[in-house]
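Read the structure below first, then the notes.
Position 1 is the first residue of the sequence; numbering continues from there.
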Amino acid sequence: MSEPARLNNEKTVYRVNGFTCANCAGKFERNVKELPGVEDAKVNFGASKISVYGEASIEELEKAGAFENLKLEPEKSKIQQQSNKEENTVEKIPFLKKHSTLLHATLLLVLGYVSFFVNGEENVVTILLFLASMVIGGLPLFKVGFQNLLRLEFDMRTLMTVAVIGGAIIGEWGEVAVVVILFALSEALERFSMDRARQSIRSLMDIAPKEALIRRNGHEIVVSVADIKVGDIMIVKPGQKIAMDGVVVQGYSAVNQAAITGESVPMEKTVDDEVFAGTLNEEGLLEVKITKLVEDTTISKIIHLVEEAQGERAPAQAFIDKFAKYYTPAIMVVAALVAIVPPIFFNGSWEAWVYQGLAVLVVGCPCALVISTPISIVSAIGNAAKNGVLIKGGIYLEQIGALNAVAFDKTGTLTKGIPVVTDFTVFNNVMNERDLLANITALEYRSQHPLASAIIKKANEENIPFHDVHVSDFTSITGKGLKGTIDGVSYYIGSPTLFRNLSSSLFTSEIEEAVLNLQGQGKTVMVVGTEKTILAVIAVADEVRESSLEVIQKLHGLGIRKTIMLTGDNKGTANAIGNHVGVTDIKAELLPQDKLDYIKQLRAEYGNVAMIGDGINDAPALAASTVGIAMGGAGTDTALETADVALMADDLRKLPFTVKLSRKALNIIKMNIAFAISIKFIALLLVIPGWLTLWIAILSDMGATILVALNSMRLMRVKE
C-alpha cells in the first residue's frame, strides 16, 4: 500500500522485544494486518520495530505475536526513557537464567543418552527422558508449528514440526531430541548475531548525555534533556559531552565530532559556531544556546533515519523473501516424494525412506537463507553510520556498489565553496604590501561584493589594522568595481576592464601577462590602483578541497568509468578546477535544468549514476540520479531529508569507503546465498545413497546459519 493511503489512519510505532527470525517478523506483520481497526502494518526486523496504521491496543498487538511471546512498547516512551538514566538502563539477564530452558532440555537429552546406553533404546525411562527434552526445548517451536499446520502456512517451523512428529512416530526418539535442541540453539545464535548487528545502532542512542547543566534565572541547574527548551543556555565543561544541538554564545574550545561525522580530528568552536548533541568538548568552557528539542537533534535524526533504512528491503532481500515463499512448500513436496516414491515404485523400506524424507525436511529449513541478507544490510548500514555516512536504505547500499558514473557539483563539493585570496602581487613599489592591503581591505569592508569576504579574511589572518584606515567618498561602480579616497588619494579596485577604461596605458606587458596567467588558472582577478598607476593584482578563487584529487583517483581505481564535474561557472574556471582534480568530463555554464537533463542522459548511457551536491541547489539532479549523495549532512536538515546518502562530515573521502563497503556487502550477500543453497544441495545429494541422517541435516542447517551470520558481521569491521 502506498504511503499516502496509509496516512488516512494514524501511524503508531512500537519497539518489539522477542523477534527470533525474519520469518517470525513477517508472520507477526501479517497477523497485525488482520486485526480489526488496522489498515496496514510494516515490520522493520533490522530495527525491531513495527509501524501500525490504524487503531489497535498493545494487548491486541501482543496477542498477534503470542506465538513468539513478543512484547511491545510505544516508541515515544522509548524517547522519554532516554532522558531517565534508571529507565534507560537495559536490564542484563544472567546467562543461566536467559538460557535456562535450553540448558534444562540439554541436560535431559544427556540423561536420555545415558539411559540409552544403560537401559536400551526401547526402555520407558529412555523414551520419557528424550520426550521431556523435546517438549521443554521445543515448546515454542511446536506451538507455532501446530498453528501453521492448522492454517496450512509453511515456514521453517512447520518443516521442523512435521519432521519431529514423523521422527517420533517411527521411533527415532534420540535423534529427534537432538534435532529439537540444535534447532533451539541455532535460533538462539541467530538472535544473538542479529542483536550484535543491531547494537551498532543502539550504541548511537547512548552517545548523547541524558542531562545537561542549564542556566535559568541566574541559577545553574541540571535538567533532563526532555525538559530543555529552545533558547535555554547550556554550560558544557571541558571533557563533557554536549547534550543538545545549539550555537556557541560564549567560549572557545576544540570539539571532537566523531560521533556525528566520523572525523576524529577535533574542530575549533567559538561564538556563533554550531555544535551537536553527542560530541565531546575537549578543552574550554562553552556556553551554548539551545536551537533544537531533544527529538529534533542531529543525532536523533540519524538514529531514526538509520533504523528506517534497515526496514527498506534491498533488492537481494526482496528476492530472498519471494524465493523463500515458494521454496518451503517445494521442500515439503520433495520430502514427501523421497518418503513415498522408493517404497512404492522400487520396493524400498518404508521406515528407511520415511526417515530420509524427514531428514530432507530438516535440511530444507531456510534459516541461513532468510538471515543471509538482513544481517548484512544492518551490519553495513550501522558501520557506515559510525563512520559518518548515512545510507537511507538497503536499496541504496546495493546501488552504490554498482555505480558506473559519478557526477559532482563543483561549488561546495569539489571545492570548499568559500572564496579565498590565492595571489597578491604588488607592482611599482609605491607602497609596502601591508599598508596597501590595509587600504584595499578598508575599501572592500564597505563593499557588498561576494569576493570582499576573501580579502577581509586574508587581512584578519595577517593581523592587518584596516579598521584604522579612514575612507571618504566611497563609491560602488556597478558591475566593474569600487572607488574611495584615502589620505587624499583616490583608489580603484575592480576588474581589468575598469582600468582599461581609465587608461589603456596603465597595463604594462608584465601586468597584462600576470592577469592573463591568473585568469587562465580559473581565478577571478581584481586590479588595484589609482588613475595614474596600477599598484597590485589580487586573484580570488573558490579553493579546491585537498581531498578532491585523491578521491577522484580512488574512484577511478575502484573501476568507476566516468567522473563528471557539473557547474554553472564559466568554462575557464571549470576547466582549471576539473583538470586539477582529474575528472574525466567537465560541463560548465549549466542551469539547474541543464544538470537535470545531463544526469538523465548519463543514466541512459551508463545505468547506475550517482550525483553529489549540497542537497539544496542540486535537488532536481540529486532526485534524478540512481543515488543522490549530499555533502555536509551534519549541519543541513535538507541534506538529511532529501538525499539517499549523506556524507555527515562534508568529507568527500568518505565516498570511496562507501563504495568499498557497498561492494563488500554485495559480495557477502551473494556469498551467503550461494553458501546456504550449496550446503543444502550437498546435503540433499546424500539422500541418493541413503546417507542423510537427521544429525547431518540439522548440523548442516545450523552450521550454515552460524557461518552466514559470522560472515555478515564482518561488515561491521570494514574501515576506510
Side-chain angles (χ1 to χ4, degrees), residues 312 314-316 318-319 380 384 389 391-415 545 547-569 571 574-575 577-615 617-631 639 642-647 652-667 669-670:
E312 295 295 325
F319 164 75
V389 181
I391 302 173
K392 291 171 66 174
I395 185 171
Y396 307 119
L397 178 69
E398 285 198 18
Q399 287 171 338
I400 290 169
L403 290 175
N404 296 314
V406 180
F408 296 87
D409 175 46
K410 178 182 76 72
T411 307
T413 302
L414 291 173
T415 66
R545 293 181 188 272
S547 58
S548 293
L549 175 61
E550 174 194 350
V551 167
I552 299 297
Q553 289 175 340
K554 283 186 176 180
L555 290 176
H556 290 161
L558 288 167
I560 304 292
R561 293 157 53 195
K562 204 83 167 172
T563 52
I564 311 99
M565 186 181 79
L566 308 179
T567 179
D569 214 335
K571 289 183 179 178
N575 287 332
I577 292 175
N579 291 331
H580 173 72
V581 300
V583 292
T584 58
D585 279 37
I586 301 163
K587 298 293 178 181
E589 300 176 6
L590 301 178
L591 298 172
Q593 180 62 44
D594 299 326
K595 291 184 180 181
L596 174 61
D597 293 339
Y598 192 70
I599 290 293
K600 288 179 178 177
Q601 181 184 327
L602 282 172
R603 287 200 68 175
E605 187 175 351
Y606 291 97
N608 289 326
V609 176
M611 171 69 191
I612 307 174
D614 60 12
N617 300 328
D618 302 306
L622 285 168
S625 60
T626 312
V627 183
I629 303 174
M631 295 286 287
T642 60
D644 305 319
V645 176
L647 305 180
L652 271 181
R653 286 173 295 189
K654 301 291 183 182
L655 188 57
F657 160 72
T658 309
V659 173
K660 174 185 170 184
L661 178 66
S662 170
R663 289 182 177 176
K664 194 163 186 80
L666 282 171
N667 288 337
I669 288 170
K670 290 173 184 174

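Nearest heavy-atom pair, L403 versus V406, reported as atom, atom and distance to 0.1 Å: CD1-CG2, 4.3 Å. Looking at every heavy atom in both residues, G578 comes nearest to I586 through CA-CD1, 3.7 Å. Across all non-hydrogen atoms, the minimal contact from G401 to S662 is N-OG, 2.7 Å. Annotation for T658 and K654: closest pair OG1-O, 2.7 Å, computed over non-hydrogen atoms. Closest heavy-atom contact between L397 and A380: CD2-CB, 3.7 Å. Annotation for A574 and M565: closest pair O-CE, 3.1 Å, computed over non-hydrogen atoms.
Counting only heavy atoms from C-beta outward, the side chains of L558 and R663 approach each other to under 4.5 Å. The shortest side-chain heavy-atom distance between L566 and I599 falls under the 4.5 Å cut-off. Here the side chains of L661 and F657 are in contact, with some heavy-atom distance below 4.5 Å. No side-chain heavy atom of I629 sits less than 4.5 Å from a side-chain heavy atom of D644.
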_side-chain contact (heavy atoms from CB on, under 4.5 Å) for R653 and L647? Distances and angles first, verdict last._
CA-CA 9 Å; R653 286 173 295 189; L647 305 180; over 6 Å; no
*After noting the C-alpha distance and the side-chain angles of F408 and V581, does the key distance pass the side-chain contact (heavy atoms from CB on, under 4.5 Å) rule?*
CA-CA 11 Å; F408 296 87; V581 300; over 6 Å; no
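More than 12 heavy atoms of other residues, nucleotides or ligands lie within 6.0 Å of NZ in K562, so this atom counts as buried by the packing criterion.
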Could you pull out all donor-acceptor pairs under 3.5 Å where a side-chain atom in residues 601-609 meets a protein atom, sequence neighbours excluded?
residue	atom	partner	partner atom	Å
R603	NE	T626	OG1	3.4
R603	NH1	A624	O	3.1
N608	ND2	A402	O	3.2

Listed pairs under 3.5 Å, donor-acceptor, residues 550-557 side chains, sequence neighbours left out:
residue	atom	partner	partner atom	Å
E550	OE2	K554	NZ	3.2
H556	NE2	T563	OG1	2.8

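The line from CG of L666 to CD1 of I400 is 10.0 Å long, rounded to the nearest 0.5 Å. Atom CD1 in I564 sits 5.5 Å away from atom OG1 in T584 (nearest 0.5 Å). Separating the CE atom in M611 from the CG atom in L596 is a distance of 10.0 Å, to the nearest 0.5 Å. Within the model, atoms NZ of K587 and CG of D594 stand 11.0 Å from one another, a figure rounded to the nearest 0.5 Å. Interatomic distance, CD1 of I577 versus NE2 of H580, reported as 9.0 Å (0.5 Å rounding).
Remark: side-chain polar atoms of S548 are paired, donor with acceptor, to backbone N or O of L414 under 3.5 angstrom. Although no hydrogens or angles enter the test, the distance criterion places a donor-acceptor pair under 3.5 Å between the side chain of T415 and the main chain of K410.
Residues that satisfy the salt bridge (charged side-chain N to carboxylate O under 4.0 Å, His left out) test with R545, not counting sequence neighbours, are D650.
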